Amino acid sequence: MNSSYLSDYVQKIPPSGIRKFFDLAATIDGVISLGVGEPDFVTPWHAREACINSLEEGYTAYTPNAGLLELRNEISDYLYRRFNVSYHPTNEIIVTVGGSQALDITLRTILNPGDEVLVIEPCFVSYAPLIDLCGGISVRVSTSPENGFKITPEQLETAITPKTKAVMLCSPNNPTGTFLNKNDLEALSKVIIQHDLLVLSDEIYAELTYDEEFTSIASISGMRERTFLISGFSKGFAMTGWRLGYVCAPKDFISPMLKIHQYTIMCAPTMSQFAAIESLKHGENEVGEMIHSYRRRRNFFVESLNEIGLPCHNPGGAFYVFPSIRNTGLTSEEFAENLLLKQKVAVVPGSVFGKSGEGYIRCSYASSMEALQEALKRMKNFLYTLQ
Amino acid sequence: MENLKIELLRALEENARYSIPVLSKMLQTDEATIKQLIKTLREENIILKYTALVDWSKVEKHEEKVFALIDVKVQPKRGVGFDEIAERIYRYNEVQSVYLMSGAYDLSVMVEGKSMHEIAMFVSEKLSTLDSVLSTATHFMLKKYKHDGTVFEKVKEDKRIVVTP
């Protein structure tokens with residue numbers, strides 16, 4: 001095919017490094033996967049049932065562009081109740097197709113060609129490509145393991161140029177599990193306000209913190225007016241396949257965003273929205289149980305990895321551990337590939353999450369204790385064969 | 001310590017076979033403390049016993065077991081209420097569980113036997129003849145679908161794809 005058929009933007013973005021790994025892992029039988037970026041819980045039955053009921057009652061039509069008002073009301077109540085941030089349900093919330101679409105419409109709403117967005121790495125694989133697709137420039141800011149992969153105000157300050165428009169933040173973080181507490185966020189906010197930047201705050205893992213209460217950056221003084229709070233139901237409520245998220249921002253941002261949303265998506269899937277209403281209304285117990293279960297597994301897994309010789313910090317949230325594989329002398333891709341081929345354990349090479357992820361692997365502990373114990377045994381064998 | 005106790009009990013309720021080293025890591029507490037705490041919980045009868053949940057219907061050639069749930073109406077006694085008659089009932093080996101219930105009857109009694117006949121005899125000869133028992137209604141259990149939060153039959157399968165971002 002003549003490559004001029006394709007847009008420069010799409011040609012410029014690289015394919016996801018995860019895809020390649022998935023193709024390899026899918027060909028091998030008996031793999032224990034620590035490579036999955038989603039909960040091991042099935043969506044609680046009450047939410048599934050609410051979806052089924054909505055179908056039985058014939059709710060199969062479009063919803064308003066911004067989503068069912070009842071759902072936006074619930075989101076608004078939930079955010080206030082849990083994180084003390086307030087967004088008006090009628091004009092400050094859009095229900096989206098997962099957090100990913102929320103990111104996309106936000107970036108398309110704010111970026112002009114050449115605008116720079118700071119991306120704190122290691123981070124979720126979509127951030128930089130989505131920025132690049134808008135003609136923006138993704139400026140990678142590397143964090144360091146000595147600091148538990150927390151971005152510091154100094155690192156942020158250094159990366160800012162006159163072209164910087166926004167900062168992408170994600171806490172708790174995928175792939176490092178790093179959690180930014182209120183103090184961290186206040187320190188970063190000072191720099192952000194001083195340079196009059198916008199913030200895209202990916203709070204998809206907000207429910208999953210294990211040591212400290214989650215703080216939304218939107219709740220910090222002076223930040224709400226410049227924050228896009230992006231979240232969804234995938235991780236905390238175990239609803240990945242439903243593809244349902246939302247973005248909250250001041251109404252002057254939401255109304256232009258709604259234009260893009262209405263022309264590209266129309267609205268998020270109706271049946272998923274009914275399930276989400278139920279999750280917000282009655283999901284608290286289930287979420288609580290999941291958090292207890294994740295915390296126990298995190299504690300077990302982090303200590304066990306350190307014990308077998310894969311050093312890692314204790315991540316404050318999400319369900320990922322990001323151990324260093326530096327002392328093996330392998331690149332993270334070599335390590336992951338060999339571990340998969342020789343011991344049938346799938347992990348994700350840290351390098352797919354950015355340059356500063358090289359030398360690390362992402363292991364998800366959203367798997368049964370039996371699977372985690374077996375995986376550790378195999379990883380220990382693998383390390384032994386490397387010696 | 002109270003939190004640790006609850007966390008430990010939760011973990012053991014999930015799987016009583018977690019080893020001390022595993023529990024120690026899960027609860028970020030040293031092994032000696034965990035050991036001591038389990039000992040205390042046993043002594044205080046907070047942990048009553050460790051058991052396996054068995055699906056006997058899958059085991060061939062084992063002697064057949066029949067279960068019945070019996071609704072029992074009783075006459076409570078002054079001073080001891082329902083406790084005395086409940087105790088009389090739970091002493092029988094055939095009795096698996098006894099609960100005091102709200103509603104149309106008083107005690108819910110789960111009985112195990114080798115046959116329906118054996119259970120019928122237990123109800124007519126032992127249970128019904130107790131002084132405080134006013135009436136009984138026996139329901140035989142036909143199939144176990146879910147017990148103590150665990151679903152029988154179905155094997156749990158991971159429906160997720162192997163690697164995702």
Side-chain angles (χ1 to χ4, degrees), chain A residues 16-28 31-40 42 100 124-126 174-175 210-211 240-241 289 292-293 295-307 314 336 340 346-349 352-353 362 364 366-373 376, chain B residues 1-38 41 46-47 50-55 58 144-165:
Chain A
S16 167
I18 282 189
R19 179 77 219 173
K20 183 180 137 193
F21 219 71
F22 167 74
D23 290 342
L24 179 63
T27 61
I28 303 171
V31 171
I32 294 187
S33 183
L34 307 180
V36 190
E38 59 181 317
D40 61 329
V42 174
S100 300
F124 185 53
V125 295
S126 302
N174 173 9
Y210 308 116
D211 306 314
T240 46
E289 276 171 37
H292 279 293
S293 168
R295 182 189 290 116
R296 285 198 293 270
R297 287 182 273 172
R298 176 202 65 165
N299 293 347
F300 167 74
F301 200 53
V302 168
E303 180 138 358
S304 301
L305 283 172
N306 279 306
E307 208 171 79
N314 194 9
L340 179 61
V347 298
V348 182
V352 310
F353 304 103
R362 188 193 75 176
S364 161
S367 273
S368 69
M369 274 296 291
E370 289 75 19
L372 294 178
Q373 283 173 288
L376 282 162
Chain B
M1 201 61 178
E2 201 54 31
N3 265 343
L4 176 65
K5 193 158 119 182
I6 290 166
E7 282 296 310
L8 174 63
L9 289 168
R10 275 199 179 118
L12 286 173
E13 215 176 29
E14 178 180 273
N15 184 351
R17 296 194 66 204
Y18 286 142
S19 66
I20 301 282
V22 167
L23 289 168
S24 154
K25 289 184 184 117
M26 275 181 156
L27 306 173
Q28 298 178 306
T29 307
D30 64 275
E31 295 186 14
T33 309
I34 297 281
K35 245 184 188 160
Q36 183 54 45
L37 190 52
I38 290 179
L41 289 166
I46 291 174
I47 296 175
Y50 304 102
T51 176
L53 182 56
V54 179
D55 185 353
K58 287 195 186 118
K144 261 190 200 176
Y145 291 100
K146 189 177 183 184
H147 185 83
D148 279 353
T150 302
V151 176
F152 282 54
E153 292 295 332
K154 275 196 186 147
V155 179
K156 224 179 152 189
E157 90 185 283
D158 195 339
K159 296 192 176 76
R160 300 173 298 170
I161 57 175
V162 196
V163 181
T164 49

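Predicted, not measured: the structure shown is a model, and the values here were computed from it. Every heavy atom of this structure was used, including side-chain atoms; hydrogens, water molecules and symmetry mates were not. Each chain gets a letter, A, B and so on, in the order its sequence line appears, and its residues count up from 1.
Note on A:Arg19, A:Glu38, A:Arg295: by heavy-atom pairs under 4.5 Å with chain B, the leading option is A:Glu38.
A:Phe300 contributes atom CZ, which lies 10.0 Å from atom CG of B:Leu23 (distance to the nearest 0.5 angstrom). For the atom pair A:Asn299 CG and B:Lys25 NZ, the distance stands at 12.0 Å (nearest 0.5 Å). Of the inter-residue distances, the one linking B:Met26 atom CE with A:Ser304 atom OG reads 9.5 Å to the nearest 0.5 angstrom. With rounding to the nearest 0.5 Å, the separation of CZ in A:Arg296 from CZ in B:Arg10 is 7.0 Å. Between the CD atom of B:Gln28 and the CG atom of A:Asp211 there is a distance of 7.0 Å, given to the nearest 0.5 Å. The structure places CZ of B:Arg17 at 13.0 Å from CE of A:Met369, a figure rounded to the nearest 0.5 Å.
The number of heavy atoms from other shown groups lying within 6.0 Å of NZ (B:Lys146) does not exceed 12. The number of heavy atoms from other shown groups lying within 6.0 Å of NZ (B:Lys35) does not exceed 12. The 12-atom threshold is not exceeded at OH of B:Tyr145, counting heavy atoms of other residues, nucleotides or ligands nearer than 6.0 Å. In B:Glu13, the CD atom is not crowded: 12 or fewer heavy atoms of neighbouring residues, nucleotides or ligands sit closer than 6.0 Å.
With a 4.5 angstrom heavy-atom cutoff, A:Ala366 touches chain B via backbone and side-chain atoms both. If you measure heavy-atom distances from B:Ile161 to chain A, the contacts under 4.5 Å come from both the backbone and the side chain. In this structure, chain B has no heavy atom under 4.5 Å from any part of A:Asp23. If you measure heavy-atom distances from A:Asn174 to chain B, the contacts under 4.5 Å come from the side chain alone. If you measure heavy-atom distances from A:Glu370 to chain B, the contacts under 4.5 Å come from the side chain alone. In this structure, chain B has heavy atoms under 4.5 Å from both the backbone and the side chain of A:Val36.
Counting heavy atoms from C-beta outward, A:Ser367 and B:Arg160 have side chains that approach closer than 4.5 Å.
Residues B:Val163 and A:Ala25 share a closest heavy-atom pair of CG2-CB, 4.1 Å.
A donor-acceptor distance shorter than 3.5 angstrom exists from the side chain of A:Arg362 to the backbone of B:Pro165, with no hydrogens or angles considered.
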